[in-house]
Amino acid sequence: MFRLRICLIIALVAGATSNAIAVDYTVPAGVTLLTEEQLLTQVIGNTFIVGTRYVEYFEPPSGDLKKGRIKGYLKGYGPYKAIWTINGAQMCWQYEKDTWKGPWGGCFTTALNGDTVTRYKANGEVHYERNHIIKLVPGNPENR
């Protein structure tokens, strides 16, 4: 395993002072993570389909190129909304408080093998979706 160091800079405006927080990501050998540019061009504007459980369409941004909306649908719950953001190799989700997960948020690194998506936690473990495979489908086929 190799370590991928992703630095998150949090600027605190107090005179000329700033603090930095670094998060170490461990990724299994042979796994190539999507870069920020690849996340923006290969994931955004497309849909994750997770088994028959849920669908998430990542709307293209309307202003900030690294932030947009998610239109989702969960079987047994119905439609929900969230926000996606991209910071380097991290893709983050923030579900609204009135959704099935909300309020909840999380960040993951992402690998793509054909149309199969794998998301990784900071410790290198795969973030499973209750053992359902995540498929990346072009566009918004379910009109969410």
Side-chain angles (χ1 to χ4, degrees), residues 1-13 18-144:
M1 296 183 112
F2 66 92
R3 297 186 73 76
L4 173 66
R5 186 164 192 89
I6 300 173
C7 292
L8 303 173
I9 308 289
I10 299 174
L12 300 174
V13 181
S18 68
N19 293 333
I21 298 172
V23 177
D24 288 328
Y25 275 81
T26 303
V27 181
V31 171
T32 302
L33 298 176
L34 294 179
T35 64
E36 181 176 276
E37 181 179 337
Q38 290 170 320
L39 287 166
L40 289 167
T41 60
Q42 295 178 31
V43 174
I44 304 309
N46 296 309
T47 300
F48 282 178
I49 296 180
V50 185
T52 58
R53 189 164 176 253
Y54 70 90
V55 174
E56 288 188 339
Y57 170 62
F58 299 91
E59 285 187 333
S62 59
D64 183 347
L65 295 180
K66 296 180 186 179
K67 182 177 182 179
R69 304 226 13 108
I70 297 171
K71 290 182 178 178
Y73 183 85
L74 173 65
K75 184 178 181 178
Y77 176 83
Y80 62 90
K81 293 181 181 177
I83 294 172
W84 63 261
T85 56
I86 294 177
N87 184 7
Q90 286 188 50
M91 186 166 189
C92 303
W93 287 258
Q94 181 63 52
Y95 293 90
E96 295 178 355
K97 67 179 178 180
D98 60 345
T99 67
W100 63 284
K101 281 190 172 184
W104 180 85
C107 297
F108 304 97
T109 54
T110 305
L112 186 59
N113 183 6
D115 67 350
T116 302
V117 175
T118 306
R119 298 187 296 183
Y120 293 92
K121 300 176 189 178
N123 65 3
E125 291 179 14
V126 172
H127 173 72
Y128 285 102
E129 296 294 339
R130 295 188 184 185
N131 298 320
H132 293 288
I133 294 172
I134 304 171
K135 293 292 182 185
L136 179 65
V137 179
N140 185 9
E142 302 215 1
N143 295 316
R144 297 289 169 204

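This structure is a prediction, so every number in the text was calculated from the model and none was measured.
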State, with a plain yes or no, whether a side-chain heavy atom of [X] is found less than 4.5 Å away from one of [Y].
X	Y	answer
Gln90	Phe108	no
Ile49	Glu142	yes
Leu65	Leu40	no

Determine, using ring centers only, whether Phe48 and Phe58 are less than 6.0 Å apart.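 Yes: the rings meet the under 6.0 Å criterion.
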Whether Thr47 side chain and Gly139 backbone form a donor-acceptor pair below 3.5 Å: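 Confirmed, Thr47 side chain pairs with Gly139 backbone.
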Any donor-acceptor N/O pair, Trp84 side chain to Glu59 backbone, under 3.5 Å: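 Yes, the answer is positive, given that a donor and an acceptor are paired below the 3.5 Å cut-off.
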Please round to the nearest 0.5 Å and tell me the distance separating atom [atom1] of [X] and atom [atom2] of [Y].
X	Y	atom1	atom2	result
Asn46	Asp115	CG	CG	11.5 Å
Leu74	Glu56	CG	CD	9.5 Å
Gln94	Thr85	CD	OG1	8.5 Å
Ile134	His127	CD1	NE2	6.5 Å
Lys121	Cys107	NZ	SG	14.0 Å
Gln38	Ile44	CD	CD1	13.0 Å

Return the minimal non-hydrogen interatomic distance between [X] and [Y], and the atom names on each side.
X	Y	result
Leu136	Gln42	CD2-O, 3.3 Å
Tyr120	Val126	CE2-CG2, 3.7 Å
Tyr80	Tyr54	OH-CD1, 3.4 Å
Gly88	Glu36	N-OE1, 2.8 Å

Checking side chain to side chain contact (heavy atoms under 4.5 Å, CB included) between Leu39 and each of Leu34, Leu112, Asn87, which is the one that passes?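 Answer to the side chain to side chain contact (heavy atoms under 4.5 Å, CB included) test with Leu39 among Leu34, Leu112, Asn87: Leu34.
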So with a 6.0 Å cut-off around CG of Asp64, is the heavy-atom count from everything else above 12?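 Buried by this count: over 12 neighbours within 6.0 Å.
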Can you tell me if NZ on Lys66 sees more than 12 non-hydrogen neighbours from other groups inside 6.0 Å?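 No, not enclosed.
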If you apply the rule side chain to side chain contact (heavy atoms under 4.5 Å, CB included), what do you find for Thr118 with Asn113, and how did you get there? CA-CA 8 Å; Thr118 306; Asn113 183 6; over 6 Å; no
